[in-house]
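On a predicted model such as this, the values are computed, not experimentally measured, just so you know. Only this structure's heavy atoms are used, side chains among them; waters, hydrogens and symmetry mates stay out.
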Amino acid sequence: SYLDGLRAERLDDVDLAREVAEAYERVGDVLGEPARPNLGKRAEAIKAYQNARAIRETLPAGSIDDELGMARLCLKLYAVAGGKDLAEAGVAATRAALGKNPHRADVYELAMKAENALGTYYRNRSNGVAAIRHY
């Protein structure tokens, strides 16, 4: 409820907006991120991640760390909720980050996870050509 109160205010301060988005993401992790021990509250995790994503979408474009934050959120949402659009958004954000700095290892790591998620999406739908392209 504290984060919801902060979000209800205008988040004109970009740094505060980032911190609130990161806090929502951490709450989502505790509630239901599949890659970690969690409380098993999938629906609440999805809501927290969606709140974080909505805030991140309002941030000014250009920061590589914001691109990575968006990609990370999209992939977590994909892991919890599924949906091709989330996997594609994760790929798009990591590709944008790669364009800004092709030398950061963390960018490549997240880009590989995003491409793998989209490849798995296509593999699960028997679209081998698209799956291989992303793998």
All side chain to side chain donor-acceptor pair (under 3.5 Å) counterparts of [X], not counting sequence neighbours:
X	result
Y135	T120, R123
D106	R104
R125	Y121

Residue pairs passing the side-chain hydrogen bond (donor to acceptor under 3.5 Å, both in side chains) test with at least one member in residues 79-99, sequence neighbours excluded, are K84-Y122, R95-E115
Taking only residues two or more places apart in sequence or in another chain, which ones pass salt bridge (Lys or Arg N to Asp or Glu O under 4.0 Å) with [X]?
X	result
E44	none
E109	K113
K100	E67

Tracing side-chain links under 4.5 Å among I, L, V, M, F, W and Y, which residues wind up in one group with M112?
none
side-chain contact (heavy atoms from CB on, under 4.5 Å) partners of [X], counting only residues at least two apart:
X	value
V27	L3, L31, A48
S63	R18, D65, D66
A117	L75, Y78
I132	none

Counting distance only, does the side-chain N/O of N51 pair as donor-acceptor with the main-chain N or O of Y24 below 3.5 Å?
no
Would you give the length of the straight line joining atom CG of L110 to atom CE of M70, rounded to the nearest 0.5 angstrom?
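Atom-to-atom, L110:CG and M70:CE are 12.5 Å apart.
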Rounded to the nearest 0.5 Å, what's the gap from CD on E57 to CZ on R53? Could you check?
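The CZ atom of R53 is 5.0 Å from CD of E57, to the nearest 0.5 Å.
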Same apolar cluster (I L V M F W Y, side chains within < 4.5 Å links), [X]/[Y]:
X	Y	answer
Y49	L118	yes
L77	L39	no
L86	V91	yes

For a quick test of reading the model, state the closest non-hydrogen atom pair linking [X] to [Y] and the distance between them.
X	Y	answer
E25	L73	CG-CD2, 3.8 Å
C74	G90	CB-N, 3.8 Å
G28	A45	O-CB, 3.5 Å
V80	G32	CG2-O, 3.7 Å
A131	G119	CB-O, 3.4 Å

May I have the step-by-step check of side chain to side chain contact (heavy atoms under 4.5 Å, CB included) for Y108 and H103, ending in yes or no?
CA-CA 8 Å; Y108 274 100; H103 304 293; over 6 Å; no
After noting the C-alpha distance and the side-chain angles of R36 and E33, does the key distance pass the side chain to side chain contact (heavy atoms under 4.5 Å, CB included) rule?
CA-CA 6 Å; R36 302 177 183 186; E33 185 196 2; 3.0 Å; yes
Evaluate the criterion side chain to side chain contact (heavy atoms under 4.5 Å, CB included) for residue pair K41 and K47; output intermediate values, then yes/no.
CA-CA 10 Å; K41 297 184 176 187; K47 183 177 180 195; over 6 Å; no
Does any non-hydrogen side-chain atom of I64 lie less than 4.5 Å from one of V107?
yes
